[in-house]
Each structure stands twice: as structure tokens, then as C-alpha cells.
K.L.:
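Before we start, here is the structure in question, set down as C-alpha cells.
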2 protein chains.
Amino acid sequence: MAKKKEIIDVCVKMADEEGFLNLSVKTIADRIGVKPPSLYKHFQGGLDEIKQEIMVYGWNCIDIMIAKSAVGKTREAGLKAMCYALREFAHAHPGVFEAICWHNSYTSELNHEVTKGVIASLYAVLDSLEFDEVRKMHVLRSLRGFVEGFSMLELHGSFGDEISLDESFEYGVNALISGIMKG
Amino acid sequence: MAKKKEIIDVCVKMADEEGFLNLSVKTIADRIGVKPPSLYKHFQGGLDEIKQEIMVYGWNCIDIMIAKSAVGKTREAGLKAMCYALREFAHAHPGVFEAICWHNSYTSELNHEVTKGVIASLYAVLDSLEFDEVRKMHVLRSLRGFVEGFSMLELHGSFGDEISLDESFEYGVNALISGIMKG
DNA sequence: CATTTTGGCTAACGTAATTAGCCAAAAAGC
DNA sequence: GCTTTTTGGCTAATTACGTTAGCCAAAATG
């Protein structure tokens with residue numbers, strides 16, 4: 001095995017398959033085929049550093065997905081596309097998404113750096129709304145709150161599944177965005 | 001020191017003051033003035049059981065706050081009051097709120113039991129909307145997603161604070177509920 | 001070819017959760 | 001009122017994990 005990047009890729013897979021909470025130095029070392037202390041050659045910050053790297057990986061990934069999803073779209077269509085992209089990421093990478101929701105608290109410094117990229121993508125679409133700066137921030141926060149909250153809850157199984165989750169999400173996105181456009 | 005209930009009260013305080021993540025058998029035992037093994041006389045399930053009890057405490061508390069907040073209100077006013085009540089709980093009990101967001105995954109069985117009370121309160125107001133069952137569920141999920149997501153993000157410091165969080169929340173609630181009522 | 005860096009290892013340590021097994025005081029039963 | 005059981009605490013020991021120290025071989029670099 002070799003460099004950080006490959007190890008993080010393995011960790012990302014593990015987080016998604018077995019849960020972010022089940023990541024430990026031992027399980028990671030086992031999966032890589034190495035003894036626990038060897039990981040410290042790559043990550044002197046230990047487990048915390050690995051978890052941060054997963055979070056950073058996640059934000060970069062989200063940045064790309066959101067930017068792609070909004071290409072050529074403005075206003076309602078742009079906002080909607082970004083909401084769907086973020087939820088799709090949460091489904092594709094539940095473990096990484098968990099890392100992002102959770103590990104925030106520790107690392108708000110680093111976190112603000114990292115999220116700048118994402119916020120930049122978002123602002124391109126937000127600008128097309130021609131709202132003032134404060135209102136754009138309200139919109140951004142509202143959308144993030146809804147999508148991250150909804151995704152967190154559904155991934156944790158808090159919603160049950162008798163009624164379609166996809167339809168609930170669509171309903172919520174439509175309601176929120178229609179409220180944003182009209183207000 | 002004596003019974004479960006008093007110990008949980010202390011744990012709730014600790015979670016809110018020092019963070020849910022910092023709860024450990026040792027810190028709890030210290031605070032109570034007892035040695036770690038003694039806690040197992042009250043909670044045979046160990047730390048996990050304690051964390052579950054905190055979650056249950058939280059849901060009961062939320063149940064009461066939501067029910068009180070919605071008294072005598074219907075439709076928009078009722079929904080809005082419940083959203084504000086839930087966010088107020090998150091602010092008043094950040095540690096317990098964290099427990100609720102986090103510990104969901106482990107305990108979806110128990111969790112579904114516990115949330116029935118809350119969902120009952122909510123349904124009283126939802127019923128006043130005169131929507132069909134499926135749509136009521138969409139509304140419920142959307143509101144929960146938004147409020148829990150927004151609160152989680154602000155408590156984790158993910159939003160910054162240059163622009164008023166209260167105003168962003170108000171904006172989001174108004175947008176979402178207005179979208180819900182019109183749809 | 002010499003040297004440094006890289007990436008691995010074993011051994012040891014500190015701390016946390018938990019279990020086993022003991023014991024005194026309070027509570028309940030006769 | 002005394003006996004017995006339950007309650008709630010303890011110390012000691014176990015297990016598991018993150019981490020550090022210090023050693024070593026192969027690969028990369030000069």
C-alpha cells in the first residue's frame with residue numbers, strides 16, 4: 001500500500017459500507033493489510049486526521065456534483081437541481097455524508113475553508129435570482145437545512161418507509177423553492 | 001445518589017454543557033460522585049443505555065413543548081409554532097438534541113415507539129389542514145427535515161453568524177409553510 | 001555505491017468500558 | 001425486633017483501542 005490518497009479511498013468505501021461510526025484504527029489497518037501503528041506514518045494526526053480527510057473528500061465531491069448539476073440552469077431549475085444533487089450524494093455516500101454532518105463541530109475552521117468551493121458553485125445559481133446578499137444567505141441556509149436534515153433523517157431510518165421518501169423529498173423541495181420564489 | 005431518573009437529569013445537564021460526545025462512563029461517574037462500575041447497577045446496558053435514556057428524555061421533552069406551543073392554533077399558525085418550538089428545544093438542549101440526531105441510527109426500533117407521542121401532537125395540527133394522509137406525511141417529513149437540519153447546522157457552527165440566524169430561520173419557515181399551504 | 005526517506009514492524013503505555021466478586025446499609029418480611 | 005433480601009457502592013481485573021517509541025529493511029535519491 002502506499003500514499004494517503006489511496007488509503008482515504010479505502011476509508012471512504014469502509015465508511016459508506018460499514019458506517020462512519022465503525023471506522024477505527026484497527027478496522028482500517030486490517031482492511032489495508034497493515035498493522036495499526038503503520039497508519040501513523042501517513043496520518044500523524046491519527047484517527048482524527050483520517051476523519052477530517054474523509055470530510056474534505058466529501059465536500060470536494062459535493063462541490064463537483066453540485067456544479068455539474070446546475071450547469072446551464074438558473075433560478076428554480078438551478079436550485080432544484082442542486083438540492084437533488086446533494087441528496088444524491090448523501091445516498092451514494094452515506095458514510096461520508098455522516099462524516100460531514102458530524103465532524104463539523106470539531107473543525108469549523110477547516111470546514112469554512114473547505115465549504116468555500118461549494119458555496120461558490122451555489123452562489124452562481126443564487127446570483128441568477130437577483131436577491132440581495134442577505135436574502136441569498138437566507139435562501140442558501142434554508143436549502144442546506146432542508147436537504148441535509150431530510151437526508152440525515154432518512155439515512156438514519158427516522159422516517160419509516162411506508163410512504164415514498166422520494167415523493168416526500170420532491171414535495172418538500174417544491175414547497176420550499178416555491179415559497180422562496182414568491183416571497 | 002439514587003435512582004435512574006436523577007442520574008439521567010445529571011447526564012442531560014452534562015450533555016448540554018459539555019457536549020454529548022464528551023459523555024463517558026468516567027465523566028458521568030465523577031460528576032455523580034461515584035466510581036465507574038457503580039453506574040452499572042442502574043444501567044446494565046452501560047453507556048449505550050444511558051445515551052438511549054437521554055434520547056428518550058429528549059423526545060418526551062419535545063413532545064411537551066410542541067404540544068404546548070400548538071395549543072389553540074391551527075393551520076399556518078400551528079405549523080409555525082411547532083417549528084419554532086422544536087428549534088427552541090434544540091437551543092435549550094443542544095446536547096440532548098445531538099443525542100436525538102445521532103443516536104437514531106442505533107435504535108430505530110425504540111425510536112419509532114418514542115416518537116409516536118410527538119407525531120400524535122403533530123397530527124392534531126396537521127389534521128386541521130385537511131390534506132390526505134400521504135400529503136400530511138410529506139408535510140411532516142419536510143418540516144422535520146428543515147427544522148432538524150437547520151438546527152443541527154447552526155449548532156455545529158456550519159452557518160457562520162455574520163447574518164442573523166433567527167432571521168434565516170424565520171425566512172425558511174415562512175417559505176416552506178407558504179409553499180405547503182399553496183401547493 | 002552511499003545515504004536518506006519511506007513505510008512497515010513489535011513492544012509498551014494510557015485510558016476507557018466493562019465484568020467479577022465483595023460488602024455494608026437500607027428495606028421488606030416474618 | 002430480628003432476619004433476610006435488595007440496593008448501591010467498592011476494588012481488582014479484563015479487554016480493547018488509540019497512540020508513542022524505537023527498530024529495521026527496502027526503495028528512492030544523490
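The chains referred to below are lettered A, B, ... by the order of the sequence lines, with proteins before strands, and numbering in each begins at 1. Hydrogens, waters and symmetry mates play no part in the numbers below; they use all other heavy atoms, side chains included. What you see is a predicted model; the values in this text were computed from it and never measured.
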K.L.:
Who are the side-chain contact (heavy atoms from CB on, under 4.5 Å) partners of A:Ala77, not counting sequence neighbours?
P.N.:
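Per chain and number, A:Ala77 pairs via side-chain contact (heavy atoms from CB on, under 4.5 Å) with A:Lys73.
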K.L.:
Whole angstroms only, please: what is the CZ-P distance between B:Phe43 and C:dA17?
P.N.:
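The distance from CZ of B:Phe43 to P of C:dA17 comes to 15 Å, rounded to the nearest Å.
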K.L.:
If the condition is side-chain contact (heavy atoms from CB on, under 4.5 Å), which residues does B:Asp9 pass it with, not counting sequence neighbours?
P.N.:
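Per chain and number, B:Asp9 pairs via side-chain contact (heavy atoms from CB on, under 4.5 Å) with B:Lys5, B:Tyr57.
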K.L.:
Would one find a side-chain N or O of A:Lys3 under 4.0 angstrom from OP1 or OP2 of C:dT6?
P.N.:
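No, outside the criterion.
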K.L.:
Name every donor-acceptor pair, under 3.5 Å, that has one atom in a side chain of residues 10-20 of chain B and the other anywhere in the protein, sequence neighbours excluded.
P.N.:
residue: B:Asp16; atom: OD1; partner: B:Gly95; partner atom: N; Å: 2.9
residue: B:Asp16; atom: OD1; partner: B:Val96; partner atom: N; Å: 3.1
residue: B:Asp16; atom: OD2; partner: B:His93; partner atom: ND1; Å: 2.5
residue: B:Glu17; atom: OE1; partner: B:Arg31; partner atom: NH2; Å: 3.0
residue: B:Glu18; atom: OE2; partner: B:Arg31; partner atom: NH1; Å: 2.8

K.L.:
Starting from C1' on D:dC17, measure out to CG on A:Asp30 and report it in whole angstrom.
P.N.:
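To the nearest whole Å, that distance equals 12 Å.
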K.L.:
If I take atom CG in residue B:Leu23 and atom P in nucleotide C:dA17, what distance separates them, rounded to the nearest angstrom?
P.N.:
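Going from B:Leu23 (CG) to C:dA17 (P), I get 10 Å.
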K.L.:
For B:Ile7 and D:dG9, give me the distance from atom CD1 to atom C1', rounded to whole Å.
P.N.:
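One finds 11 Å between C1' of D:dG9 and CD1 of B:Ile7, rounded.
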K.L.:
Going by salt bridge (Lys or Arg N to Asp or Glu O under 4.0 Å), name the residues that satisfy it together with A:Asp166, two or more places apart in sequence or in a different chain.
P.N.:
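With sequence neighbours excluded, A:Asp166 shows a salt bridge (Lys or Arg N to Asp or Glu O under 4.0 Å) to A:Arg87, given in chain and number order.
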K.L.:
Could you tell me whether A:Ser24 contacts a base, only the sugar-phosphate backbone, or nothing, with contacts defined as non-hydrogen atoms closer than 4.0 Å?
P.N.:
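The answer is sugar-phosphate, as A:Ser24 gets under 4.0 Å only of primed atoms, P, OP1 or OP2.
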K.L.:
Return each pair, listed once, that meets side-chain hydrogen bond (donor to acceptor under 3.5 Å, both in side chains) where at least one residue sits in residues 174-183 of chain A; pairs must be two or more places apart or across chains.
P.N.:
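Qualifying pairs: A:Lys80-A:Asn174.
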K.L.:
What nitrogen or oxygen pairs link the protein and nucleotides 18-21 of chain C at under 3.5 Å?
P.N.:
residue: C:dT18; atom: OP2; partner: B:Tyr40; partner atom: OH; Å: 2.6
residue: C:dT18; atom: OP2; partner: B:Leu47; partner atom: N; Å: 3.0
residue: C:dT18; atom: O5'; partner: B:Tyr40; partner atom: OH; Å: 2.9

K.L.:
Please check the phosphate of C:dT6 (OP1 and OP2 only) for any side-chain N or O of A:His42 closer than 4.0 Å.
P.N.:
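Indeed not, no polar side-chain atom of A:His42 lies that close.
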K.L.:
Do you know which two heavy atoms are closest between A:Glu154 and A:His91, and how far apart they sit?
P.N.:
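Closest heavy-atom pair between A:Glu154 and A:His91: OE2-NE2, 2.8 Å.
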K.L.:
Within this structure, what is the CD1-to-P distance between B:Ile28 and C:dA16, rounded to whole angstrom?
P.N.:
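Rounding to the nearest Å, CD1 of B:Ile28 and P of C:dA16 are 13 Å apart.
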K.L.:
Measure NZ/B:Lys35 against C1'/C:dA24 and give the value in whole Å, please.
P.N.:
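The answer, rounded to whole Å, is 18 Å.
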K.L.:
Between B:Ser38 and D:dG8, is there a contact of a side-chain N or O with OP1 or OP2 at under 4.0 Å?
P.N.:
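Looking at the OP1 and OP2 atoms of D:dG8, neither is under 4.0 Å from any side-chain N or O of B:Ser38.
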K.L.:
In this structure, how many angstroms lie between the P atom of D:dG8 and the NZ atom of B:Lys4, rounded?
P.N.:
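The answer, rounded to whole Å, is 11 Å.
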